[in-house]
Protein chains: 2
Amino acid sequence: MSQGHHSRGETLLFLTDAQLRAGIEAMFFAYRGFTADPDRILARYGYGRAHHRAVHFINRWPGTTVNNLLAILGVTKQSLNRVLRTLIEDGRVESRVGERDKRERHLYLTEIGRALEAELAEAQSARMRDAFRRAGPDAVAGFREVLEAMMEEEQRRQFRGTAEAAE
Amino acid sequence: MSQGHHSRGETLLFLTDAQLRAGIEAMFFAYRGFTADPDRILARYGYGRAHHRAVHFINRWPGTTVNNLLAILGVTKQSLNRVLRTLIEDGRVESRVGERDKRERHLYLTEIGRALEAELAEAQSARMRDAFRRAGPDAVAGFREVLEAMMEEEQRRQFRGTAEAAE
DNA sequence: AGTTTAAGTCAGCTTTGTTGACATTCCAAG
DNA sequence: CTTGGAATGTCAACAAAGCTGACTTAAACT
């Protein structure tokens, strides 16, 4: 059992198995809380988490192509397509054939699509804001650092892209 | 955008939409990284995330009953049962009739069940340890605080239970 | 004796992932 | 110019893992 043996001049962390396991369980429980509010809203519309993710990232990058979205979401195109199809049928997403390259489809939220996105974002932001307020500014910075360090390399690059585009 | 502004007193935080959205996306990407390694291992055994969760918590609380596990995992018994049945058939989990109350089944990992758990835990811990080391001790404390604040009330109580039992 | 509780089963449905096959479009080599 | 391959997106079918509802069995409680 890895005794967290301190060490190094720099990091000097006692990381026992118990601490790591607590971190793992915290991720599990927190992620459930994180998705709970949107899930309730989505259920009212007959949507699932996959719809939420699509709507979120289309809102984030209007005009993105299906392929772009695939790379961000990390699912197969067939899986994304099903979700996209229902959103388009319901008039929440618009798919425009590319002008330069007609193979591509550019995706946009419609008026009611934006309304849905706003409703979901507000619910999720409220919980995040609450958690941030309770934990305080220093904790928030640490939270972000650890999460970023936990991503796969490719996701980290994507995240940095979105995060700085956000400022 | 979003100047973090540190007015103290309590926790005055300026939380812009961009900051909150970055937090939301960080959770999304980090959770994917968090589950990526175990997913690869599970696939080799023909298991899924549901099996991982069951094995994790049975290891955590040996002798726990089916009902306990249901409360922790937050799924229906039909759903859990399917997973549990395959784990028992494969000889990774043992189900013992309760001595005090014979209606109950107490769950334990077998030798090979513990081996699987250890393999999964090691992979997930490695990434967590790495993230913790890179982010540093203060960041880790913040990470834990924010995650705990993000859980639903009931999950938070459960987590505190597991976390302190861990120390 | 009658009710409640714990566990499990059967059936059927939904969401969201997967592969495989296929149509359309673009582009570049011949 | 044509043609063959790569890129993009769609359709079909299947699997994992959630869900609800109805029910059984055994044990415990009152």
Side-chain angles (χ1 to χ4, degrees), chain A residues 28 31-32 35-36 38-58 63-90 93-108, chain B residues 28 31-32 35-36 38-58 63-90 93-108:
Chain A
F28 170 64
Y31 199 77
R32 274 229 308 245
T35 53
D39 282 354
R40 279 184 279 265
I41 294 168
L42 290 160
R44 291 209 314 267
Y45 292 91
Y47 294 144
R49 268 181 217 178
H51 298 83
H52 184 185
R53 295 196 283 265
V55 163
H56 174 97
F57 284 105
I58 293 171
T64 188
T65 64
V66 172
N67 239 9
N68 273 339
L69 213 46
L70 249 35
I72 293 169
L73 297 176
V75 296
T76 60
K77 59 185 175 174
Q78 294 88 334
S79 189
L80 174 60
N81 197 258
R82 182 174 23 204
V83 162
L84 235 33
R85 195 167 49 220
T86 71
L87 287 170
I88 291 168
E89 280 169 8
D90 295 352
V93 167
E94 194 192 346
S95 164
R96 294 187 208 149
V97 172
E99 293 184 2
R100 218 183 40 225
D101 187 335
K102 287 178 190 153
R103 290 172 304 181
E104 295 180 336
R105 299 295 130 88
H106 297 273
L107 303 169
Y108 301 88
Chain B
F28 170 63
Y31 198 76
R32 272 230 308 247
T35 54
D39 283 353
R40 279 185 280 265
I41 294 168
L42 290 160
R44 292 209 313 267
Y45 293 90
Y47 294 144
R49 268 181 217 177
H51 299 83
H52 185 184
R53 294 196 285 266
V55 164
H56 174 97
F57 284 105
I58 292 171
T64 188
T65 63
V66 173
N67 245 5
N68 274 339
L69 210 49
L70 287 176
I72 293 169
L73 298 177
V75 297
T76 59
K77 63 179 174 179
Q78 293 90 332
S79 192
L80 175 59
N81 201 256
R82 187 169 23 197
V83 163
L84 232 35
R85 196 165 47 217
T86 71
L87 287 170
I88 291 169
E89 280 168 8
D90 295 352
V93 168
E94 192 193 348
S95 166
R96 293 187 210 149
V97 172
E99 292 185 3
R100 216 183 42 225
D101 186 335
K102 289 178 192 154
R103 292 171 305 177
E104 295 178 338
R105 300 295 132 86
H106 298 272
L107 303 169
Y108 300 88

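Since we're looking at a predicted model, the values are computed, not measured. The chains referred to below are lettered A, B, ... by the order of the sequence lines, with proteins before strands, and numbering in each begins at 1.
At a cut-off of 3.5 Å, with distance as the only test, no side-chain donor of Tyr45(B) or Asp90(B) sits close to an acceptor on the other residue.
Of the possible polar contacts, none joining the Arg49(B) side chain to the Pro38(B) backbone as a donor-acceptor pair under 3.5 Å is found.
Among pairs with a residue in residues 74-86 of chain A, those fulfilling side-chain hydrogen bond (donor to acceptor under 3.5 Å, both in side chains) read His51(A)-Thr86(A), at least two apart in sequence or across chains. Note on residues 64-74 of chain B: no pairs pass salt bridge (Lys or Arg N to Asp or Glu O under 4.0 Å), not counting sequence neighbours.
Taking the 5' to 3' direction, DNA chain C first and last meets chain B under 4.0 angstrom from a heavy atom at dT5(C) to dC10(C).
Residues of residues 98-107 of chain A that place a heavy atom closer than 4.0 Å to DNA chain C, in numerical order, are Asp101(A), Lys102(A), Arg103(A). Contacts with DNA chain D (heavy atom under 4.0 Å) in residues 45-53 of chain B: Gly48(B), Arg49(B), Ala50(B), His51(B), Arg53(B), listed by number. Residues from residues 72-84 of chain A that place a heavy atom under 4.0 Å from any atom of DNA chain C, listed by number: Val75(A), Thr76(A), Gln78(A), Ser79(A), Arg82(A).
Side-chain contact check for Arg44(B) versus Ile41(B): some heavy-atom pair is nearer than 4.5 Å. Annotation: side chain of Arg105(A) is in contact with side chain of Val97(A) (closest heavy-atom distance under 4.5 Å). Inter-residue side-chain proximity for Leu84(A) and Ile58(A) is flagged as met; some heavy-atom pair is nearer than 4.5 Å. Thr64(A) has its side chain out of reach of His106(A): every pair of non-hydrogen atoms, C-beta onward, lies at least 4.5 Å apart. No side-chain heavy atom of Asn68(B) sits under 4.5 Å from any side-chain heavy atom of Phe57(B).
One can place CG of Leu70(B) at 11 Å from P of dG18(D), the figure rounded to the nearest angstrom.
Taking a 6.0 Å sphere around CD of Glu99(B), one finds it holds 12 or fewer heavy atoms contributed by other residues, nucleotides or ligands.
Ring geometry for Tyr31(B) versus Tyr31(A): interplanar angle under 30°, hence parallel rather than tilted (30 to 60°).
For the atom pair CG of Leu42(A) and OG1 of Thr35(A), the computed distance is 10.0 Å after rounding to the nearest 0.5 Å.
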